[in-house]
Amino acid sequence: MKNWIIELWYFRELLWALTLKEIKIRYKQTILGVAWAILQPAALTLIFTIVFGLFLKVNSGDIPYPIFAYSALLPWTFFTTAVSFGALSVVNNGNLVTKVYFPREILPFSAVFAAFFDFAMASIIFLIMLVYYKIDLTLNLFLLIIPVVSILLFTAGISLLLSALNVLFRDIRFLVPLILQIWLYATPVIYPLDQVPEKYRFLMLFNPMTSLIESFRNFALHKGSVSAGMIFLSIIVSVLTFILGYLFFKVRERVFADVI
Amino acid sequence: MKKQENNFVVSFENVTKTYRISKGKYGLLSETISDGLELILAREKTGRNLIAALKNVSFKIKKGEVIGIIGRNGAGKTTILKLISNITYPDKGLVNVYGKIGAFIELGAGLHHELTGRENIYLYGAILGMARKQINEKFDKIVDFAEIQKFLDTPIKKYSSGMYSRLGFSVCAFCDPDILLVDEVLAVGDVNFQKKCLAKMHSFAREKTVVFVSHNLDAIKQICTRVIYIKSGKISSWGAPNSVIKTYLRDQKLSSPLLDA
């Protein structure tokens, strides 16, 4: 594993260059350009606010529903964008993989970093919303680094795993959007965790995104039901997912060029 | 990158590389699953549907040599380049390479058609392992050599295929590799550019090593110090360019009499 990290460090400029490429290409020949990074979570927030906040009256406690939804959709959109692009990254760059040598994990990593750029853009709106809804901007915001880094690791791990699998089974391309859609409903994005009936709540915790999203929301809005134990567990699960995804990817990497 | 022993930069020892040929459209589900498991578990490939691209190939390349590889389509030439550049791995045998590799294996690989010429130079440079600073230093030379000054800020999807290959070759040639691998790609450029490329490869040869795959036997004769002739996955002959090329041409005539005409 040490060798992999040394090699990755040697190729760090490539990681940067490919991330830039991802960002540039995604918004080339679009009219709205980078605004899309903000529009995606914002549009979802709007529709969720209308359907779940207004029509179905989901109880978000004393947090106004729009910022309740956005505070989860912000990290959630990062997760889905990164995984959707990351899962396809190796196959979509097949012409590179079969022609040039470099550590292949750079491909899913650059997809994740490009999605992180979108996340940073969309965070600006989040800050504006925090001010608008008069939520205290305290030093607590710095604690967001804990869920953000955990989500980043978890996302990278899932992307590594799926991108390697997608080389062997192209079914992944069709599975990913489906799974992500189901996953959204299995995660407390639209509804708060404490609205889940008590006897099912422990089931929710098998989903790592539950505590990751909840702790992001908790740290940002200073409210919620996440315990220190849950946060600790989610960090461990994220690190493990990353390591397992990385190992699987590196073991399979050798056949990529032959199979693509 | 390993430390160099003696003055070999590339050595192949009894290298065998097999590829799986696909089963066609109606592969049985059970087959798919067992093959999938095999791929996941990285077991040794089993006998079904395998084709050997290289069989027990051994050779060594010394520093400063310009090696030409010739042979018919599908003989295993590109597989050798891919093994040297670490893109793929042998099933049996050892491949050792000492030094930084610049591989120009296919036209346009590593170039992205939505990006401009300038952006592509930085991207492709990074893919070849160059730092941004290095690219900045060589930027003008690359642009000059590729002759694309006017189109630097045009997305390369608007480029002609000649411009594509000039851009690709230039970045490769200036990425300062110890070993330059060039596959049959010069065919696209016009005669002038081909000459320039050959001259560039020739100038390389004093301190670096070049491995050149081509069907252009005149080019091979011009710049190569040694030629390897690959025939269905095995080295058929190697040595001085003139004699190996003669053997190759004789073989070709035997297998397809039409060439006599």
Side-chain angles (χ1 to χ4, degrees), chain A residues 3 6-30 89-90 92-104 106-107 109-110 161-162 164-172 247-260, chain B residues 1 17-20 22 32-33 35-42 45 53 78-79 81-91 97 100-116 119-120 122-135 155 168 172 181 183:
Chain A
N3 283 339
I6 293 173
E7 200 178 32
L8 194 58
W9 178 247
Y10 177 77
F11 278 96
R12 64 192 181 280
E13 299 240 4
L14 176 59
L15 179 56
W16 175 239
L18 283 178
T19 305
L20 274 182
K21 181 201 99 171
E22 281 288 318
I23 296 169
K24 273 184 196 155
I25 284 165
R26 194 172 307 170
Y27 300 117
K28 268 230 159 122
Q29 286 206 4
T30 62
S89 58
V90 176
N92 283 356
N93 287 293
N95 73 331
L96 273 188
V97 173
T98 53
K99 268 59 175 220
V100 198
Y101 175 79
F102 57 89
R104 309 309 188 192
I106 284 182
L107 294 170
F109 282 169
S110 61
L161 181 74
L162 290 178
L165 278 175
N166 190 40
V167 174
L168 313 177
F169 311 102
R170 301 290 157 89
D171 309 74
I172 299 291
L247 282 173
F248 181 75
F249 188 93
K250 287 310 268 188
V251 171
R252 300 317 314 150
E253 185 188 55
R254 290 169 69 90
V255 300
F256 283 176
D258 296 350
V259 182
I260 277 183
Chain B
M1 229 176 274
K17 174 76 192 175
T18 54
Y19 282 105
R20 183 183 296 277
S22 52
T32 314
I33 291 172
D35 286 353
L37 284 178
E38 209 172 278
L39 283 167
I40 286 184
L41 300 171
K45 290 177 196 161
T78 302
T79 304
L81 294 192
K82 288 189 175 180
L83 284 164
I84 294 176
S85 54
N86 240 334
I87 292 168
T88 187
Y89 301 84
D91 293 306
V97 176
K100 188 184 162 202
I101 293 165
F104 191 41
I105 294 195
E106 194 173 295
L107 176 64
L111 303 177
H112 198 288
H113 60 270
E114 292 283 352
L115 300 177
T116 65
E119 289 166 330
N120 265 301
Y122 282 98
L123 177 64
Y124 196 29
I127 289 171
L128 294 173
M130 273 202 272
R132 209 179 163 80
K133 221 180 94 194
Q134 261 175 299
I135 305 173
C172 257
L181 309 177
D183 204 345

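Per chain, numbering begins at 1; letters A, B, ... match sequence-line order.
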(Q) Please identify, among B:Ile101, B:Leu115, B:Leu81, the residue contributing the most non-hydrogen atom pairs under 4.5 Å to chain A. (A) B:Leu115

Q) Going from CZ on A:Arg104 to CD1 on B:Ile87, what distance comes out if it is rounded to the nearest 0.5 angstrom? A) 6.5 Å

Q: Would you mind checking which part of A:Lys99 comes under 4.5 Å of any heavy atom in chain B, side chain (CB onward), backbone (N, CA, C, O), both or neither?
A: both

Q: Please state whether the side chain, the backbone, both or neither of A:Val167 comes within less than 4.5 Å of a heavy atom of chain B.
A: neither

Q: Drop me the distance from B:Ile127's CD1 to A:Phe11's CZ, to the nearest 0.5 angstrom.
A: 10.5 Å

Q: Mind ranking A:Leu20, A:Ile25, A:Asn93 by heavy-atom pairs under 4.5 Å with chain B and telling me who comes out on top?
A: A:Ile25

Q. In Å, rounded to the nearest 0.5 Å, how long is the span from OH of B:Tyr122 to CD of A:Glu13?
A. 11.0 Å

Q: Using the side-chain contact (heavy atoms from CB on, under 4.5 Å) rule, pick out the option among B:His112, B:Glu114, B:Glu119 that qualifies with A:Lys24.
A: B:Glu119

(Q) Is A:Arg12 in contact with chain B via its backbone, its side chain, both, or neither, using a 4.5 Å heavy-atom distance? (A) neither

